[in-house]
Amino acid sequence: MCGIVAYVGEQDALPIIIKGLKRLEYRGYDSAGVALLNDNGLSVYKKKGKVSELENSLLDNPHLNSKIGIGHTRWATHGEPNDANAHPHYSSTENFAMIHNGIIENYEVLKTDLLNKGYVFHSETDSEVFINFIEDIHKNNDCTLEEAVRLALHKVVGAYAIVIMSKEEPDTLIAARKGSPLVIGVGENEYFLASDATPIIEYTNQVVYLDDYEIAVIRNNKLQIKTIENVETNPYINQLEMELEAIEKGGYEHFMLKEINEQPRSIADCMRGRLDAQNGRLIVGGLRDYINKFQNADRIIITACGTSWHAGLVAEYLFEEFARIPVEVEYASEFRYRNPVINEGDFVIAISQSGETADTLAAIELAKSKGATIFGVCNVVGSSIARATHAGSYTHAGPEIGVASTKAFTAQISVLTMMALMLGYQRGTLSETKYIQLLSELEAIPSKVEKALLLNEQIEKISEQYKDARNFLYLGRGYNFPVALEGALKLKEISYIHAEGYPAAEMKHGPIALIDEEMPVVFIATKDSSYEKVVSNIQEVKARKGKIIAVVTEGDTSVKAMADHVIEIPHAHEALVPLISVVPLQLLSYHIAVMRGCNVDQPRNLAKSVTVE
Ligand code: M6R
């Protein structure tokens, strides 16, 4: 949460920072600010609201030329969203300004100490405490700012990605990270720092990913990286492969709609180079070095949050059916706090779009400390989770900017399906004939998703009828149960309509009491092994006058006779159906949210990358 950008070089810093902050707004969008340094000194400008509001407030200001600057877009943790709590924060002498993404857990102790020394605070944030703590060390130890930062980092507890600029060293940026991401773009006589590569990509494709406990000092156009023990390290320059167009809307009204529509391509990209159905070949390269551990695992533990957790639930069905290995799917936030039993024979799969989710990262560290093998399924290349795991596979869905996860979900399921098929085949629990059949069915999924996207207009019409509903139920069984959960999550997070997902059979154990003529119930009732049972559940809802919206397999007639609306999707093997059945649910939530006037890409209170626990 929170996005940070900084620039030092020969260009005008402000436009670069503002553009970068807009790209990072998915990380937080309740307030924004910049600090610039020129003949007028070190100035901080900040404002509650979106980056565009900050930008507008600066339009007539003639003092903004600067070759160096830092900027921040915030998702509030300490203190409500307002101008004062927005970043950057000055130190008390106003000699330093800092942007911070993360949380300082021991800030209260530090603050009390500083208050006793006479420091005055203008915000409620832990970040303002952090910069004053650095200033205090700088003053008392008569040391350089770099040294003061290093000493402070030994004392602060928590997570941070910070960038500091100083009046005393006008051509210097000092940055550091622990637990929150920080990427440094290396251009011609210029450097860009950001929470991810999207603000950097149009200027350079050479980047350095700062590691935990590292400090980057950019001084006199030279980058130096040191550990917090003051040992200099050699910056490793990575080549970014991201295309600029991948992070722009490309003619769509919202990123979410663009990303929903990208799924035929993103699923195909995910399978490219891994799946060759014609020749019966499937290789998930990331597993190569750990294949024995994977094949012989006593148990697979999947840990994730939100939508990624739903992908993990689908994977539970896949691994158990095809590879016959017991699977547990854990909310990362619960797993890490309940002293779970983890053994060396466990194979832990951590799923995360952003690769930065704090709870998932903490769960990984816990499992690692118990000797388990950890495999990451991440979308963001070079992210913290991708680097914290023993091995992993990228989902290759491309940047996902809409806060509601869509194409990342189907790409995660695609990777997990390939892993399950590969494992089942190699363990001998999946016959060759079935394996070959599933490989070609999997290869056909992108074109079936393409077909499902043609339902858009029909779904828009259905949305019109239900946009004012106050509650929704989503029901499915088997592979479609996690899809029901995902459909409900999509609707609630972007349209603010209360929605619940349930296994269809659980309805009669409680939720059935909610059914009346006001209650829309979305059934995912595709032709699979539990179809007949779901049909009975539909009848139960019908008998109580609930409104039925059913996602069915093309050509279905039984459900059509009962439902108020049927949405027909192409037939697929039931293990692969989630890749298709989720698409109409994504579209349904999208249209309802648009019709309700909601901010689809940046829903209230949320952020794309949840880097706080
Ligand atoms: O980046 P991650 O996949 O680790 O994020 C996990 C959740 O925060 C995320 O899936 C969240 O639930 C989405 N907003 C759902 O659309």
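Remark: K249 qualifies as a cation-pi partner of F255 under the 6.0 Å distance and 45° angle criteria applied to the six-membered ring. For R604 and Y496, the positive end sits near the middle of the six-membered ring, less than 6.0 Å away and at most 45° from its axis. For the pair K111 and F121, the distance from NZ or CZ to the six-membered ring centre is under 6.0 Å and the angle to the ring normal is within 45 degrees.
Of the candidates V44, L58, I99, L58 is the only one forming a side chain to side chain contact (heavy atoms under 4.5 Å, CB included) with V34. No option in E232, E214, E146 other than E146 meets the salt bridge (Lys or Arg N to Asp or Glu O under 4.0 Å) test with K226. Each of E202, E25, E55 was compared with K19 under the salt bridge (Lys or Arg N to Asp or Glu O under 4.0 Å) criterion, and only E202 meets it. Evaluated for a side chain to side chain contact (heavy atoms under 4.5 Å, CB included) with Y191, the options L173, V186, I68 yield exactly one hit, V186.
Using a 4.0 Å cut-off between a side-chain N of Lys or Arg and a carboxylate O of Asp or Glu, D211 and R387 qualify as a salt bridge. Salt-bridge annotation for E253 and K258: absent, with no side-chain N of the basic residue lying under 4.0 Å from a carboxylate O of the acidic one.
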Is there a side-chain hydrogen bond (donor to acceptor under 3.5 Å, both in side chains) between T198 and D196? Walk through the geometry before answering.
CA-CA 6 Å; T198 56; D196 73 27; 2.6 Å; yes
Pair T406, K490 - check side-chain hydrogen bond (donor to acceptor under 3.5 Å, both in side chains), show working.
CA-CA 9 Å; T406 52; K490 286 292 85 89; over 6 Å; no
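In terms of modelled atom types and a separation under 3.5 Å, the side chain of R219 and the main chain of T172 share no donor-acceptor contact. In this structure, N101 contributes its side chain and S180 its backbone to no donor-acceptor pair below 3.5 Å.
Proximity of the aromatic rings of H254 and Y590 is defined here by a centroid distance below 6.0 angstrom, and this criterion is met.
Here the closest non-hydrogen pair linking V600 and I494 is O-CG2, 3.6 Å.
Counted by atom type alone, T125 and N85 present zero donor-acceptor pairs between their side chains at under 3.5 Å. For the residue pair Q353 / S308, no side-chain donor-acceptor distance below 3.5 Å is found, with atom types taken as modelled.
The distance from the OG atom of S92 to the OH atom of Y119 is 5.0 Å, given to the nearest 0.5 Å.
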